[in-house]
> 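Before I ask anything, let me first share the structure, which is written out below as C-alpha cells.
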Amino acid sequence: MKKEGKDGNFEALTNGDYEEQVSSSRFSSLLESKDRDYLLTSTGLQVKVSDLEGKVIGLYFSANWYPPCRNFTPVLVDMYEQLKTNGSNFEIVYVSSDEDLNAFNNYHALMPWLAIPFSDLETKKALNRKFDIEGIPCLVILQPDNNKDDATLHEGVELVYRYGVRAFPFTKERLENLLEEEREKHERQTLTNLITNHDRDYLLGHPSPKQVPVASLVGKTVGLYFSAQWCVPCVKFIPRLISIYQKIKQMLVENGDHEDFEIVFVSNDRNQESFDSYFNGMPWLALPFGDPTVKELAKHFDVRGIPCLIIIGPDGKTVTKQGRNLINLYQENAYPFTEAKVELLEKQMDEEAKSLPRSVYHPGHRHELNLVSEGNGGGPFICCDCDEQGCGWAYQCLECGYEVHPKCVTTADRPSTGQ
C-alpha cells in the first residue's frame, strides 16, 4: 500500500503519475474477453462494454476482506451517486479480489456500478498486470479521448478522499486547478477560519458545557487531535498525549514563556454519549459533537486515519501533520513542533546513537537486534514493544523484521558481543 507522504507531495502526483493514454476504442480490449462483451450490474443484469464509450471510467480494484477497501467503498459510492445525479459522464467498473463468489456478490451488492464477472479470472489478472496494481483499494481513472490532457491516472483513491466530486473529471488541468485552490486556501488559513463557523465561535471546555471563545486561542500553538473512543490505537495513545500535554504546559510556565499550547479534540465518535464519556477524560478543549467543522477539517488536512495530531502555529498556519509521531519520538521536547526544532532533535538523536550498542537482546524477542538508521536499512516503522510510530534510529531484527525504539530496549537489553 502507498503511504502518506510529506506535506506538498501532491504536485509530484499530478505531474508525474500520468501514464499511457487509453482511448474509448480500447475499452473493449481491456474489459471484454473472447467469450464476453458485457459487464454485470449489482443485480446481475448485463451491460454492454460498448455502452461505456465516451465516458470517464474508474477501474476499482478492491476486495471485501480488506478493511481499507470496506472503509473506502462507502466514500466512493457517495461520490458516484452525486456525479450520477448531476448527469456526469462517469462510470466505475469493479475488479474483484474477493475470495469466492458469495463474497463477491455480497460486496458488489453494496456498489451501484458495474463489475467484471467474478468467474473471469483472466481479465482481472490482465488488468492487474497492465496497471501494475501493487495494493488495494486502487482506483484507476481512464479518460475517453486521446487529447493531450487525457491519460491513465492511478491515484483515484487519494483524489476521492481529498476532493470528492470536485476531482471530476480527473483531468490534469482540473487537478492542477484544485491544487492551486488548495494552496491559496492554506495561505489564507487562520485558526479562526479553521475551527469556527457562522453558528459557533466557541469550543467546549470543562466542566461541560463551558464555552471557551476561539479568540482566546489566537497566537497559541494548537494541536487538532482527531480521535474516537471506539479506536483502539486512540485509546492507547491518549494517556501519553495527556502526559505530554501537561508537561509542555508546565515547561512553558517554568520558562516564563509568553506563548502557550492547547489541544482541541476533533471527534470521530459515533454518538453523543461516547463523545461525552471520552471528552470527560481529556484536560483540553473540543469541537462540539457532530459539528460540521469536523468533516471540513478532516478534508482540509486530508486525514486518513486516527489518532492524528495536526499542529497549528501561533500564526494560524499548519506546522506539521505528524504531531503524533513527533510526540512518540521526542515527548515534550518536540514542542513547538517546527522544522527547526525537529532538525535539532534529529541531530541530537544522531549524536546519542553514537553511544548506543550496535546490537542488543530484548526480552520481547528471541533474535539479536541490530541498530539501524534511515540511511542504513531502517525507515518509518511501528515499534513492536509500544505499538507506536517511529523513524530514524531503531533496533531491528535482520531475520524477521522485528523493530523497536532504542528507548524501549535501553532498560531491558543485555549486552551482546556486537557492542
Side-chain angles (χ1 to χ4, degrees), residues 2 9-33 36-41 47-62 72-73 75-96 111-116 120 123-182 302:
K2 296 181 188 291
N9 69 348
F10 185 59
E11 184 169 8
L13 182 156
T14 56
N15 291 336
D17 286 324
Y18 285 86
E19 297 182 357
E20 65 180 51
Q21 296 175 344
V22 181
S23 69
S24 60
S25 63
R26 296 173 60 192
F27 285 169
S28 59
S29 64
L30 286 173
L31 303 177
E32 293 179 0
S33 69
R36 176 186 54 78
D37 63 354
Y38 62 86
L39 300 166
L40 294 178
T41 68
V47 175
K48 295 286 188 181
V49 172
S50 57
D51 291 349
L52 274 59
E53 291 191 8
K55 296 184 178 183
V56 177
I57 304 299
L59 298 181
Y60 182 40
F61 297 82
S62 185
F72 177 66
T73 295
V75 178
L76 186 58
V77 168
D78 181 63
M79 186 205 74
Y80 177 85
E81 291 180 337
Q82 287 185 59
L83 288 174
K84 290 305 231 183
T85 300
N86 296 337
S88 299
N89 206 20
F90 183 55
E91 191 52 72
I92 295 176
V93 177
Y94 174 40
V95 185
S96 163
M111 305 172 183
W113 48 75
L114 307 174
I116 303 287
D120 192 350
T123 299
K124 292 188 290 184
K125 283 183 176 180
L127 290 170
N128 274 271
R129 285 194 302 268
K130 179 174 181 61
F131 297 108
D132 193 24
I133 305 302
E134 296 180 350
I136 54 175
C138 180
L139 183 65
V140 176
I141 304 295
L142 309 179
Q143 295 293 341
D145 302 313
N146 259 345
N147 63 49
K148 63 182 180 179
D149 287 329
D150 293 332
T152 303
L153 178 66
H154 285 66
E155 305 299 333
V157 171
E158 281 192 35
L159 296 171
V160 171
Y161 267 129
R162 193 163 184 169
Y163 298 116
V165 293
R166 297 172 61 229
F168 187 81
F170 301 97
T171 58
K172 186 176 182 179
E173 180 181 9
R174 177 58 180 157
L175 301 183
E176 287 175 344
N177 288 340
L178 288 172
L179 180 60
E180 185 58 32
E181 290 176 13
E182 195 170 72
D302 195 25

> Using the side-chain contact (heavy atoms from CB on, under 4.5 Å) rule, take Leu30 and Leu142 through it: C-alpha gap first, then chi angles, then the decisive distance, then the call.
CA-CA 11 Å; Leu30 286 173; Leu142 309 179; 3.9 Å; yes
> When rounded to the nearest 0.5 angstrom, what distance separates CG in Leu39 from CD1 in Ile92?
13.0 Å
> Do Leu59 and Val93 have side chains that get closer than 4.5 Å, going by heavy atoms?
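Yes; the side chains approach each other to less than 4.5 Å.
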> Please round to the nearest 0.5 Å and tell me the distance separating atom CG of Leu114 and atom OG1 of Thr41.
7.0 Å
> When rounded to the nearest 0.5 angstrom, what distance separates CG in Leu139 from CG in Leu159?
8.5 Å
> If the plane angle is over 60° it's perpendicular, under 30° parallel, otherwise tilted; pick one for Phe168 and Phe90.
perpendicular
> Which heavy-atom pair separates Pro137 from Tyr60 by the least distance, and what is that distance?
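Nearest pair, atom of Pro137 first, then Tyr60: CB-CE1, 3.9 Å.
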> Considering only heavy atoms from C-beta outward, does the side chain of Arg162 approach that of Leu178 to under 4.5 Å?
no
> Mind checking whether Ile141 and Ile57 have side chains closer than 4.5 Å, heavy atoms only?
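No, every pair of side-chain atoms sits at 4.5 Å or beyond.
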> Sequence neighbours excluded, which residues qualify as ring pair (Phe, Tyr, Trp, His ring centres under 6.0 Å) partners of Phe61?
none
> How close do Gly54 and Asn89 get, heavy atom to heavy atom, and via which atoms?
O-ND2, 2.6 Å
> Using the rule given for side-chain contact (heavy atoms from CB on, under 4.5 Å), can you reason through Val75 versus Met79, listing the C-alpha separation, both sets of side-chain angles and the distance that settles it, and then say yes or no?
CA-CA 6 Å; Val75 178; Met79 186 205 74; 6.0 Å; no
> Taking all heavy atoms of Arg166 and all of Arg174, pick out the closest pair and write down the distance.
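The answer is O-NE, 2.8 Å.
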> How long is the straight-line distance from CG of Leu127 back to SG of Cys138, given to the nearest 0.5 Å?
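Output value for this atom pair is 11.5 Å.
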> How long is the span from the NE2 atom in His154 to the CG atom in Asp132, to the nearest 0.5 Å?
6.5 Å
> What is the minimum heavy-atom distance between Pro144 and Val56, and which atoms define it?
CD-CG2, 3.9 Å
> Any chance you could lay out the side-chain contact (heavy atoms from CB on, under 4.5 Å) test for Leu175 and Leu153, step after step, and finish with the verdict?
CA-CA 11 Å; Leu175 301 183; Leu153 178 66; 3.7 Å; yes
> Please tell me if the side chains of Leu52 and Leu31 come closer than 4.5 Å, counting only heavy atoms from C-beta onward.
yes
> Would you say Glu32's side chain and Ser50's backbone share a donor-acceptor pair under 3.5 angstrom?
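Absent.
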> Looking at side-chain heavy atoms only, is the closest gap between Ser96 and Ile116 below 4.5 Å?
no
> Restricting to non-hydrogen atoms, name the atom on Val77 and the atom on Pro112 that form the minimum distance, rounded to 0.1 Å.
CG2-CD, 3.8 Å
> Could you tell me how the ring of Tyr80 sits relative to the ring of Trp113: parallel (under 30°), tilted (30 to 60°) or perpendicular (over 60°)?
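Judged by the thresholds at 30° and 60°, the geometry between Tyr80 and Trp113 is perpendicular.
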> For residues 78-96, which residue pairs qualify under salt bridge (Lys or Arg N to Asp or Glu O under 4.0 Å), counting only residues two or more places apart or in two chains?
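Residue pairs with at least one partner in residues 78-96: Lys84-Glu91.
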